[in-house]
Amino acid sequence: MGKKSGILGAAMTLLAAPLLTAPPAQAAPAPAPETLLSCDMSGKASFAPALSLNPAGQRTRVNVTADATGCSSRSGLDITSARLTGAMTGHMSCSSPPRDVNGDIEITWTRADGSTAKSTANFALDLRGDLSNPSEPITGTFTGQNTDGAFKGNKHRGQGRIDSSGLARGCFTGGLESLNFNGSYRMTK
């Protein structure tokens with residue numbers, strides 16, 4: 001009997017050992033990126049060819065013009081506004097989310113003293129919602145990083161709502177040629 005209880009005790013110890021050891025150390029969460037600039041943003045996106053109801057979408061060029069205004073920036077940066085222009089391409093449709101939509105955007109920064117600086121950033125676009133359904137909210141997000149010029153390496157994030165007035169009509173009558181958007185923009189390290 002003693003031999004069996006010794007074996008049973010050893011087995012129980014082996015089974016319980018993982019429960020008695022300290023939990024593995026967890027890495028501290030990464031700190032939030034430092035915000036260098038935050039602004040209000042509004043703009044227009046134009047599509048060529050116009051977006052259709054084809055759920056598979058088609059290769060589309062999105063020409064973007066946007067203004068970032070009311071900016072607050074880190075001390076020493078003194079950016080008061082920015083103008084973003086450029087084009088992105090990818091598969092898009094009125095009735096399905098865009099796929100692989102990205103491209104280069106030129107940014108002209110305006111400082112408090114009136115001087116300007118320029119950057120190029122590669123942006124990726126993500127839209128949520130059905131452009132052909134006026135009762136569904138449409139939201140968009142873009143992310144990117146400066147690849148050249150001022151603030152090289154800094155990251156961008158913008159998000160906003162799309163003005164849905166007339167979107168469904170455009171989708172159902174020959175294609176959606178453009179839309180207006182507004183929201184927020186920020187640049188981080």
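Between Ala56 and Asn54 the shortest heavy-atom distance is N-OD1, 2.9 Å. Closest approach of Met88 and Gly103 over heavy atoms only: CG-N, 3.5 Å. When every heavy atom of Asn63 is checked against every heavy atom of Ala87, the shortest pair comes out as OD1-CB, 3.5 Å. Shortest non-hydrogen contact noted between Thr141 and Gln159 is OG1-CB, 4.1 Å. Here the closest heavy-atom approach between residue Phe181 and residue Ala45 is recorded as CE2-N, 4.0 Å. Here the closest non-hydrogen pair linking Ser178 and Leu167 is O-CD2, 4.3 Å.
Within the 4.5 Å cutoff, no side-chain heavy atoms of Leu179 are placed close to those of Lys44. When side chains are defined from C-beta on, Val62 counts as touching Met92, because their heavy atoms get closer than 4.5 Å. Residues Lys189 and Arg74 have side chains in contact (heavy-atom distance under 4.5 Å, counting atoms from C-beta outward). Phe123 has its side chain out of reach of Arg157: every pair of non-hydrogen atoms, C-beta onward, lies at least 4.5 Å apart. For the pair Leu176 and Phe47, the minimum side-chain heavy-atom distance is below 4.5 Å.
Defined by atom type and a distance below 3.5 Å, a donor-acceptor pair is present between the side-chain atoms of Thr108 and Lys118.
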Practice problem: Output, in order, the C-alpha distance, side-chain angles, deciding distance and verdict of side chain to side chain contact (heavy atoms under 4.5 Å, CB included) for Thr89 and Arg59. | Solution: CA-CA 7 Å; Thr89 57; Arg59 187 115 177 112; 3.2 Å; yes

request  = Please test Ser93 against Gln58 for side chain to side chain contact (heavy atoms under 4.5 Å, CB included), starting from the C-alpha separation and ending with a verdict.
outcome  = CA-CA 7 Å; Ser93 161; Gln58 62 185 345; over 6 Å; no

| task | Show the numbers, then the answer: is there a side chain to side chain donor-acceptor pair (under 3.5 Å) between Thr116 and Trp109? | result | CA-CA 5 Å; Thr116 61; Trp109 310 96; over 6 Å; no

TODO: For the pair Gln145 and Phe151, evaluate side chain to side chain contact (heavy atoms under 4.5 Å, CB included) and give the outcome as yes or no after the intermediate values.
DONE: CA-CA 9 Å; Gln145 185 168 356; Phe151 316 116; over 6 Å; no

Self-check item: Candidate pair Leu127 and Ile162, rule side chain to side chain contact (heavy atoms under 4.5 Å, CB included), full reasoning
Solution: CA-CA 9 Å; Leu127 290 177; Ile162 294 169; 3.4 Å; yes

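Panel note: side chain Thr80, backbone Thr110; a donor-acceptor pair is recorded below 3.5 Å. Ser73 places a side-chain N or O within donor-acceptor distance of the main-chain N or O of Asp78, the cut-off being under 3.5 Å. Formation of a donor-acceptor pair under 3.5 Å by the Thr147 side chain with backbone atoms of Thr120 is found in this model. Remark: side-chain polar atoms of Ser95 are paired, donor with acceptor, to backbone N or O of Leu53 under 3.5 angstrom. With hydrogens and angles disregarded, a donor-acceptor distance shorter than 3.5 Å links the side chain of Asn146 to the backbone of Ala150.
Note on Leu36: it clusters hydrophobically with Leu84, by side-chain heavy-atom contacts below 4.5 Å among ILVMFWY residues. Taken together through direct or relayed side-chain contacts under 4.5 Å among Ile, Leu, Val, Met, Phe, Trp and Tyr, Leu77 and Met41 form part of one hydrophobic cluster.
Residue Arg169 places its CZ atom among 12 or fewer non-hydrogen atoms of other residues, nucleotides or ligands, all under 6.0 Å distant. Counting non-hydrogen atoms of other residues, nucleotides and ligands closer than 6.0 Å to CZ of Arg161 gives a total of 12 or fewer. For Asp104, the CG atom is densely surrounded, since the number of other residues' heavy atoms within 6.0 Å is greater than 12.
Between Tyr185 and His156, the ring centre distance stays below 6.0 Å.
Of the listed residues (Ile107, Thr65, Thr69), just one forms a side chain to side chain contact (heavy atoms under 4.5 Å, CB included) with Arg83, and that residue is Thr65.
One distance of note links OG of Ser38 with CD1 of Ile79; it measures 12.5 Å at 0.5 Å rounding. Taken to the nearest 0.5 Å, the OG1 atom of Thr60 stands 10.0 Å off from the CZ atom of Arg99. The structure places OG of Ser52 at 11.5 Å from CZ of Phe172, a figure rounded to the nearest 0.5 Å. In this structure, OG in Ser42 is found 5.5 Å from CG in Asp67, a value given to the nearest 0.5 Å.
Applying the side chain to side chain donor-acceptor pair (under 3.5 Å) rule to Asn154 yields no partners; only residues at least two apart in sequence or on another chain are considered.
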